[in-house]
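Data first, discussion second: the structure below is written as C-alpha cells.
Order of the sequence lines sets the chain letters (A, B, ...), proteins ahead of strands, with each chain counted from 1. What you see is a predicted model, and the numbers here were worked out from it, not measured in a lab. Worth knowing before you read on, the calculation uses all heavy atoms, side chains too, and leaves out hydrogens, waters and symmetry mates.
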Protein chains: 2
Amino acid sequence: MSGASESIPGELMATEVAEQPTVLARILGGSDELAECAARIAAARPRFVLIAARGTSDHAGLYAKYLAEVRMQLPAGLVSPSALTVYRARPDMSDVLFVAVSQSGRSPDLVDSLSAARACGALTLAVTNAIESPLAGAAEIAVDVRAGAERAVAATKSYTAELLTLYLLFAGGAAARDAERLPDAAARTLALASEELLEPLAARFEYAERLVLTARGYSYATAREAALKLMETSYVSAMAFSGADLLHGPMAMIDRSVPVIAITSPGRGGVAMEPVLARLAELGARVLRVGVDGGLPIVADGLPEQLHPILEILPLQRLAWRLALDRGLDPDRPRGLSKITQTR
Amino acid sequence: MSGASESIPGELMATEVAEQPTVLARILGGSDELAECAARIAAARPRFVLIAARGTSDHAGLYAKYLAEVRMQLPAGLVSPSALTVYRARPDMSDVLFVAVSQSGRSPDLVDSLSAARACGALTLAVTNAIESPLAGAAEIAVDVRAGAERAVAATKSYTAELLTLYLLFAGGAAARDAERLPDAAARTLALASEELLEPLAARFEYAERLVLTARGYSYATAREAALKLMETSYVSAMAFSGADLLHGPMAMIDRSVPVIAITSPGRGGVAMEPVLARLAELGARVLRVGVDGGLPIVADGLPEQLHPILEILPLQRLAWRLALDRGLDPDRPRGLSKITQTR
C-alpha cells in the first residue's frame with residue numbers, strides 16, 4: 001500500500017472502476033477454464049442451486065440465481081447463512097450445487113456455511129477474488145474472478161468480475177462467444193459516463209437524503225448494487241425494490257421529493273418494468289433511467305439482456321463516486337467500514 | 001363497506017391490529033386441519049422448499065424459509081416470480097414443495113408462478129386469506145389463514161395469521177402445543193404498546209425521514225415487515241437489513257441522524273445480534289430495541305424463539321399507525337396503493 005496513491009480522495013475507486021474493461025477481457029481470456037468448471041458442475045447433475053453471499057457479492061448471487069433458473073433451468077434460491085451457522089441446520093444437500101460468492105473469501109459465516117453444505121452432501125463452488133482464501137480452500141470447485149487486488153472499500157471491479165464469471169459458469173455453451181464484445185461495450189459505456197454527463201446529475205441529487213432504485217429480472221441486481229454503492233459512499237438512504245414489489249407498498253413513499261432511478265433493459269425485464277414506469281409517471285415521480293437511451297446510457301452493442309447488468313452498474317458506480325466527492329466525502333474510505341467484514 | 005366506519009383516520013388499521021389475539025386463537029382452534037396438511041406435505045417427502053410471495057406476504061415467506069431450513073431440515077429459497085413468469089423458466093420441480101403466500105390470492109404473477117411450478121412437477125401449497133381465490137384454486141393444497149376480511153390497505157392481522165399458519169405447517173409435531181400461550185402473549189404485548197408508551201417514541205421519530213431496522217434469524221422478517229409498514233403508512237424511508245448485511249456496507253450510512261430499530265430476540269438470533277449492537281454503540285447510533293426488556297417490549301411468556309416474530313411486529317404496527325396519525329396521514333389509505341396489487 002503506497003500512502004501517496006491513497007492521498008487523493010476517491011482515486012482508488014476511480015482507478016478500479018476504470019479497470020473494468022481490462023478485467024472483463026482477462027476473464028474472457030480464461031473462459032476455457034471456466035467452461036471446464038461448468039462441465040464438472042454439469043457432470044454432477046445438480047437439481048437445485050443454493051447461493052450464499054453478503055453485501056456486494058450478494059447482488060452477484062442474485063444475478064446468478066436468475067441465470068440458474070432461466071439458463072440452467074434449475075430451481076434456485078438465496079440461502080440465509082444464519083440457518084446453517086446460527087441455527088445449525090443440517091439438511092440433506094445431495095443434488096444441491098451450493099455456491100458461495102465473496103470478494104475476499106474470508107467472511108467466516110460464508111466459510112462455515114459452505115463447509116456445512118459440503119458436509120451435508122452438496123457440490124460446493126466458491127467464486128472469489130482471492131483463490132488462496134479459506135473459502136476457496138473449503139470448496140470442491142474454486143474459481144478466481146481475476147479482478148486483481150481491490151483496495152477501495154466500495155467494491156466495483158470485483159462485482160462485475162463476479163457477474164461475468166458467474167455468467168460464463170451458468171449461462172451455457174455459447175456464453176463466452178456472446179460475451180466477446182463485452183469489454184469494448186464496457187469501455188464505451190464508461191466513456192459515455194463522462195464528467196459532463198455526471199456533474200448535472202450529481203448536482204440534482206446533491207441534497208437528496210433518499211433515493212429509490214428499481215428494476216426487474218436480471219437488472220434487479222443492478223438496482224440493489226447501485227443502492228449499496230450510494231449508501232456506502234454518499235451515505236444517502238438508497239432503497240432498491242423489484243418493480244413488482246415497489247407496487248406492493250413502498251410506492252406510497254414516493255413523491256417528487258424522492259428521486260427514482262429505474263434500470264430498464266431492452267429485454268423481458270424491461271418490458272415488465274413498463275407498468276411500473278407508468279405508475280411512477282402517474283405519481284409525478286422524478287425518474288432517471290439507466291439503460292440504452294437512458295439519462296445514464298449504456299452501450300449494449302447487441303449483447304443479450306443477461307449481460308446488461310455488467311454494463312448498467314458502470315455509470316452508477318461513477319455517479320456514486322461523483323456524488324460522494326461533491327458532498328465532501330472520500331468514497332475510498334467510507335466511515336465505519338473495513339474491506340473485509342467479519343460476520344458469523 | 002360502511003362509509004361511517006371508514007371516516008375516522010386509522011380506525012380500520014387500529015381495529016385490525018387489535019383483532020390479532022382473536023385471530024391467533026382462531027387459527028390454533030383449527031390446528032388439527034393444519035396438522036393434516038402438514039402430514040400430506042410430509043408424505044410427499046419434498047426435498048426442497050421454494051417460496052413465492054410479494055409485499056407483506058414476502059416477509060411471511062422469509063419467516064417460512066427459516067422454518068423450512070431449521071425445523072424441516074430442508075434446503076429452502078425464496079424464488080423470484082419473474083423467473084417463471086417474465087422469463088418463462090420451466091425447471092424440473094419434482095421433489096419441490098412450492099409455497100405461494102398471498103393475502104388476497106389474486107396477484108396474477110403468483111397464480112402464474114404456482115401454476116408453472118405445478119406443471120413442472122412441484123407439490124403446490126397456497127397460504128392465503130381468501131380460500132375462494134384463484135391462487136387457492138390453482139394449488140393442490142390450499143390453506144386459509146382465517147384472518148377474516150382485511151380492509152385496511154396496510155396488512156396487519158393477515159401477516160401474523162400467515163406467520164402462525166406457516167409455523168403450524170412447518171414447525172413439526174409439538175408446534176401447536178408450543179403455541180398455546182400465543183394469543184394471551186399477543187394480547188399482553190398489545191396492552192404494553194399503550195398510547196403512553198407510543199406517544200414519546202412517535203414524537204421522537206416525528207421528523208425522521210429515514211430509519212434503519214435490523215435483526216437476524218427469524219426476527220429478520222420482523223425488521224422487513226416493520227419497515228414496509230412504516231413506508232406504507234408514514235412515508236418514511238425505512239430500510240431493513242439483516243444484522244450481518246448491515247455490517248457489509250450500509251453501516252456507513254448510520255450516524256446520530258438515522259434512528260435504528262433493532263429487534264433482539266432472546267434466542268440464537270438475538271445472540272448473533274450482539275456484535276451488530278456493539279458496532280452501532282461504537283458509532284453513537286440511537287437504537288430502539290424491540291423485544292423482551294426492549295424500549296418496545298414484548299411479552300414472550302417462555303414461548304420459543306421462532307414464535308417471537310408473531311409478537312414483535314405488534315408494537316411496531318402500533319408505532320407505524322401512531323406515527324402516521326401524528327404526521328397528519330391516514331394509515332388506512334396510503335397514497336398510491338390499493339389493497340390488491342396486480343403485477344405480472
For this session: Could you tell me whether the side chain of M231(B) reaches within less than 4.5 Å of the side chain of M239(A), counting heavy atoms only?
Result: yes
Exercise. If you count heavy-atom pairs under 4.5 Å between each of L84(A), V258(A), D255(A), L74(A) and chain B, which one has the most?
Worked result: D255(A)
Problem set entry | Under 4.5 Å from any heavy atom of chain A - which part of L62(B) | neither
Seminar exercise, completed: Of V271(B), V236(B), D58(B), T233(B), the largest count of non-hydrogen pairs under 4.5 angstrom with chain A goes to V236(B)
For this session: Name the option with the most non-hydrogen atom pairs under 4.5 Å to chain A; the candidates are Y218(B), Y220(B), F98(B).
Result: Y218(B)
Exercise. Roughly how far apart are F241(A) CZ and L228(B) CG, rounded to 0.5 Å?
Worked result: 8.0 Å
Exercise. Is it the side chain or the backbone of L78(A) that comes within 4.5 Å of chain B heavy atoms, both, or neither?
Worked result: backbone
Exercise. Measuring heavy-atom distances to chain B, does A68(A) have an atom under 4.5 Å in its side chain, in its backbone, in both, or in neither?
Worked result: neither
For this session: Determine yes or no for a side-chain-to-main-chain donor-acceptor pair under 3.5 angstrom, with E69(B) supplying the side chain and A83(A) the backbone.
Result: no
Problem set entry | Residue P275(B) versus chain A: region with a heavy atom under 4.5 Å | neither
For this session: Measure the shortest side-chain to side-chain distance between R54(B) and S242(A) over non-hydrogen atoms and say whether it is less than 4.5 angstrom.
Result: yes
Exercise. If you count heavy-atom pairs under 4.5 Å between each of D95(B), V276(B), L230(B) and chain A, which one has the most?
Worked result: D95(B)
Problem set entry | Distance-minimising heavy-atom pair for G55(A) and D245(B) | N-OD1, 3.4 Å
Exercise. Out of E209(A), E282(A), M93(A), which one racks up the most heavy-atom pairs below 4.5 Å with chain B?
Worked result: E209(A)
Problem set entry | Gap between atom CZ of R216(B) and atom OH of Y87(A) - 0.5 Å precision | 8.5 Å
Exercise. In terms of side-chain heavy atoms, does R268(B) have a donor or acceptor partner in S82(A) at a distance below 3.5 Å?
Worked result: no
Problem set entry | Check: S94(B) main-chain N/O paired with R47(A) side-chain donor or acceptor under 3.5 Å | yes
Problem set entry | Residue pair A76(A) / L50(B): nearest heavy atoms and the distance that separates them | O-CD2, 4.2 Å
Problem set entry | Donor-acceptor under 3.5 Å (R210(B) side chain, A238(A) main chain) | no
Exercise. Relative to chain B, which segment of K65(A) carries a heavy atom at a distance below 4.5 Å: side chain, backbone, both, or neither?
Worked result: side chain
Problem set entry | R88(B) atom CZ: more than 12 heavy-atom contacts under 6.0 Å | no
Exercise. Please walk me through it: do F48(A) and V96(B) pass side-chain contact (heavy atoms from CB on, under 4.5 Å)?
Worked result: CA-CA 10 Å; F48(A) 303 91; V96(B) 170; 3.1 Å; yes
Problem set entry | Exercise: identify the closest heavy-atom pair between A244(A) and D109(B) | CB-OD2, 4.4 Å
Problem set entry | Among the listed options S237(B), S57(B), A227(B), the residue most often paired with chain A at heavy-atom distances under 4.5 Å | S237(B)
Exercise. Side chain, backbone, both or neither: which part of I51(A) has a heavy atom under 4.5 Å from chain B?
Worked result: neither
